[in-house]
Amino acid sequence: MGIFKDENGRSYGDWTRRGQGRTSEHANEIVTTGDEKKWYEQTFWIIFFLVIFWPVGLVLMWRGSCTWHTAVKVIVTIVLLGVVVLSYQMSQAVLAAQGTLS
């Protein structure tokens, strides 16, 4: 019996410690972290998209999988829409000041 072989001569790799019930059939159970959320349901990615590409962030935030309180979602939506309106108005003011707005 070698260092990585069982009594029948089958190889069993170092990650499957003999006697602990670890087999290749249970490999996925060993590796899981317990956080079974999909990537787009995780708070980090929702905030990332709210900052980088806000339309996608808003959709991800309002989906049923986001556990944020409704008041937080409403406040974030109002703030983002306010920023968009303010940005548009500022761009129009700059164009008017430059005289390029018809």
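FYI, the numbering just counts along the sequence from 1.
- Residue Val74 is grouped with residue Ile47 when hydrophobic side chains (ILVMFWY) are merged at heavy-atom distances under 4.5 angstrom, including chains of intermediate members.
- Under a hydrophobic-cluster definition in which Ile, Leu, Val, Met, Phe, Trp and Tyr are linked whenever side-chain heavy atoms come within less than 4.5 Å, directly or via other members, Phe53 and Val59 are assigned to different clusters.
- Of all the heavy atoms in Trp54 and Leu50, the pair that sits closest is CB-O, 3.5 Å.
- A pairwise comparison of heavy atoms in Val76 and Met61 identifies CG1-SD, 3.7 Å as the closest pair.
- The aromatic rings of Trp45 and Trp39 sit perpendicular, their planes meeting at an angle over 60°, well past the 30° parallel limit.
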Side-chain donor-acceptor pairs under 3.5 Å in residues 77-87, sequence neighbours left out?
{"from": "Thr77", "atom 1": "OG1", "to": "Trp62", "atom 2": "NE1", "distance (Å)": "2.8"}
{"from": "Thr77", "atom 1": "OG1", "to": "Lys73", "atom 2": "O", "distance (Å)": "2.8"}

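- Looking at residues two or more places apart in sequence or on another chain, you find no ring-ring contact (aromatic ring centres under 6.0 Å, His included) involving Tyr40.
- Side-chain atoms of Phe49 and Leu58, non-hydrogen and from C-beta on, never get closer than 4.5 Å to each other.
- Grouping the Ile, Leu, Val, Met, Phe, Trp and Tyr side chains by contacts below 4.5 angstrom, directly or via other members, places Tyr88 apart from Leu95.
- Using cut-offs of 30° and 60° for the angle between ring planes, the Phe44 and Phe48 rings count as parallel.
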Practice task
Carefully, step by step, assess Leu60 and Cys66 under the rule side chain to side chain contact (heavy atoms under 4.5 Å, CB included).
Solution key: CA-CA 7 Å; Leu60 293 177; Cys66 184; over 6 Å; no
